[in-house]
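One structure is given here, and the rest of the page talks about it.
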Amino acid sequence: MKTLRDAKIGETVKVVKLHGEGAVKRRIMDMGITKGVEVYVRKVAPLGDPVEVTVRNYELSIRKYDAEMIEVEE
């Protein structure tokens, strides 16, 4: 299983599934990250947290913890 956390800089990936429960999963979905959407990885901070992505034509920073809950495919 590959997560958004594993995606490399400059890579575009497609969301397959969201893991997590309740409020955490809802917050991720409210940010526009839903099943089937494409996510472009723009930057990763030096220590890996946060990850900056482009999703639905806007830029978003996601914590490492949240990025690990987003299962993706290339």
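We number each residue from 1, following the sequence as shown.
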Side chains of residues 12-40: which donor-acceptor partners sit under 3.5 Å, not counting sequence neighbours?
unit_1: H19; atom_1: NE2; unit_2: E71; atom_2: OE1; d: 2.8
unit_1: R27; atom_1: NH1; unit_2: D66; atom_2: OD2; d: 3.0
unit_1: T34; atom_1: OG1; unit_2: R56; atom_2: NH2; d: 2.6

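- With rounding to the nearest 0.5 Å, the separation of CD in E73 from NZ in K2 is 10.0 Å.
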Taking distance alone, no hydrogens or angles, what donor-acceptor pairs closer than 3.5 Å link side-chain atoms of residues 43-52 to residues at least two apart or in another chain?
unit_1: D49; atom_1: OD1; unit_2: K64; atom_2: N; d: 2.7
unit_1: E52; atom_1: OE2; unit_2: R42; atom_2: NE; d: 3.0
unit_1: E52; atom_1: OE2; unit_2: R42; atom_2: NH2; d: 3.4

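- Within the 4.5 Å cutoff, the side chain of T3 has no heavy atoms near those of the V72 side chain.
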